[in-house]
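Whatever order the structure lists ligands and atoms in, that order sets their numbers, starting from 1. Fair warning: this is a prediction, and the values are worked out from it, not measured in the lab. In this chain, numbering begins with 1 at the start of the sequence shown.
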Amino acid sequence: MSDSLQVSELVAGYGKTTVLNDISFSIKPGEFVALLGPSGCGKTTLLQVLAGFIKPLSGSLIVEDTDITELPPEQRNMAMVFQSYALWPHMTVFQNIAYALKLRKLGKAEIEQRISHILGLVNLTDYVHRSVTDLSGGQRQRVALARALAVEPSLLLLDEPLSNLDARVRASVRHEIKALQKRLGFTAIMVTHDQEEAMSMADKIIILNNGKIEQAGTPESLYCSPATPFVADFMGAENKLTGTVLRKNDGTELFLDQLNKTVPLTRTSGDRYEGKVDVYFRSNEVSLSFKDDSDEIDHQASGIVLQTAYMGQSYRHSIQLGGSTCVIDHPVAINEKSLIQISLPPEALHIYPAASEVESA
Ligand SMILES: Nc1ncnc2c1ncn2[C@@H]1O[C@H](COP(=O)(O)OP(=O)(O)OP(=O)(O)O)[C@@H](O)[C@H]1O
Ligand SMILES: [Mg+2]
């Protein structure tokens with residue numbers, strides 16, 4: 001059974017450069033955590049610190065009740081799948097996986113049985129005696145995953161383990177990791193760039209930005225209530241408008257600059273601010289309708305279709321709204337240059353104090 005992990009006020013980096021700043025979070029036994037963030041924000045560094053390859057400058061790592069901050073990697077019951085795979089090039093698939101099992105003093109029969117089982121799971125049975133240098137990128141990635149899974153660690157650290165797999169293999173390996181995790185009960189932290197992958201696999205998502213935790217929580221809480229514009233954008237609310245929140249006796253309203261239009265706000269849609277705001281929304285949470293040309297009053301609230309792309313279930317439209325361009329999905333294609341009307345339901349809007357105001361404050 002795996003153990004809980006408590007990370008407190010972790011600071012780490014390379015030489016004099018600090019990469020991770022004041023990182024604190026905890027993970028319950030058996031939880032699956034997705035670590036999301038832009039390139040260079042410190043995801044790999046964080047996994048390396050957890051695995052013991054980088055010594056933190058300050059802060060602590062506690063597993064159950066034991067402080068493991070000073071323990072060398074081999075004394076932590078963890079396994080890591082490296083972003084670069086880090087396979088031993090002079091060894092075969094079998095030897096790569098067997099190496100750590102021998103170190104753990106497992107018997108020959110048990111090693112063979114584990115390897116054959118795990119290679120079956122990642123679809124590499126026929127490659128067991130192939131040298132890893134004679135494998136494709138995706139196959140190497142699966143060997144790296146198999147090698148980590150074979151030691152049955154209590155904490156599995158996965159650094160973008162699926163990035164080199166094609167969509168179909170990716171879906172099945174994703175499913176296998178989840179199924180194995182349920183069956184063996186290990187705790188996992190997986191780095192991914194893919195918001196959908198994080199949502200579908202994780203019990204908890206941690207969003208890292210510039211070496212700091214921007215927000216941590218369930219997929220639902222991050223998707224529905226992103227705490228910052230950065231999280232909103234990362235969780236798919238890519239459209240941005242600017243506006244002003246106005247409090248009135250009979251409720252709160254939002255004036256949107258690009259639409260030159262006022263929409264009423266509900267409690268849930270963020271009437272906690274007043275004044276200049278930035279507004280984020282997802283392309284599939286607002287709707288389009290054709291503009292009625294006789295409707296002069298709403299003229300400013302309309303947009304112009306710039307481009308249309310087929311997305312399978314719907315068409316994605318680039319829409320010119322005042323001085324901004326937004327992306328909005330619609331079930332049927334609307335011709336370029338058409339005038340359209342958009343309706344923004346208040347519950348689809350994620351509202352934050354305007355970045356321009358925050359910076360000057
Ligand atoms: N060995 C190193 N020495 C010095 N700086 C490093 C080293 N490795 C990484 N860095 C720097 O630390 C920062 C964080 O790097 P890290 O590899 O953790 O990012 P990441 O979030 O994993 O990015 P990616 O998504 O591109 O893999 C970057 O600015 C990077 O340049
Ligand atoms: Mg990385």
Looking only at protein heavy atoms, identify the closest one to atom 27 (O) of ligand 1 and say how far it is in Å. Gln83 NE2, 2.9 Å
Is the positively charged end of Arg147 above the ring of Tyr85, judged by distance under 6.0 angstrom from the centroid and angle within 45° of the axis? no
Specify whether an N/O/S atom of Thr44 falls short of 2.8 Å from the Mg ion (ligand 2). yes
Closest approach of any protein heavy atom to atom 26 (O) of ligand 1, naming residue and atom: Ser39 OG, 2.5 Å
Please determine if the Mg ion (ligand 2) has an N/O/S atom from Gln83 lying under 2.8 Å away. yes
for atom 11 (C) of ligand 1, nearest protein heavy atom and its distance come out as Tyr14 CE1, 4.0 Å
Is it the case that the side chain of His350 and the backbone of Ala237 share a donor-acceptor pair, with hydrogens and angles ignored and the cut-off at 3.5 Å? no
Donor-acceptor check, side chain of Arg114 to backbone of Ala98, threshold 3.5 angstrom: yes or no? no
Atoms of ligand 1 close to His193 [distance to a heavy atom under 4.0 angstrom, numbered from 1]: 25 (O)
Polar side chain donor-acceptor pair, Ser163 to Gln141, under 3.5 angstrom: yes
Would a search of protein heavy atoms around atom 15 (O) of ligand 1 find one under 4.0 Å away? yes
Could you name the option among Thr44, Ile54, Val49, Thr17 that has the heavy atom nearest to atom 17 (O) of ligand 1? Thr44
For His193, I'd like to know if atom NE2 has over 12 heavy atoms of other residues, nucleotides or ligands within 6.0 Å. yes
Name the closest protein heavy atom to atom 18 (O) of ligand 1, giving the residue it belongs to and the distance to 0.1 Å. Thr45 OG1, 2.5 Å
Can you name the closest pair of heavy atoms from Gln95 and Thr92 and give their distance? OE1-N, 2.8 Å
Could you tell me whether atom 30 (C) of ligand 1 has a protein heavy atom closer than 4.0 Å? no
In short, Ala51 meets Leu157 closest at the heavy-atom pair CB-CD1, 3.7 Å
Is the backbone of Thr187 close enough, under 3.5 Å, to the side chain of Glu31 for a donor and an acceptor to pair up by distance? no
Thr18, Val19, Leu20, Leu35: member with heavy atom nearest to atom 12 (O) of ligand 1: Val19
What protein heavy atom sits nearest atom 25 (O) of ligand 1, and how far away is it? Lys43 NZ, 2.7 Å
Can you find an N or O of Gly40 that's nearer than 3.5 Å to an N or O of ligand 1? yes
Can you tell me if Gln48 has a non-hydrogen atom under 4.0 Å from ligand 1? no
Does CG in Asp67 sit with more than 12 non-hydrogen atoms of other residues, nucleotides or ligands closer than 6.0 Å? yes
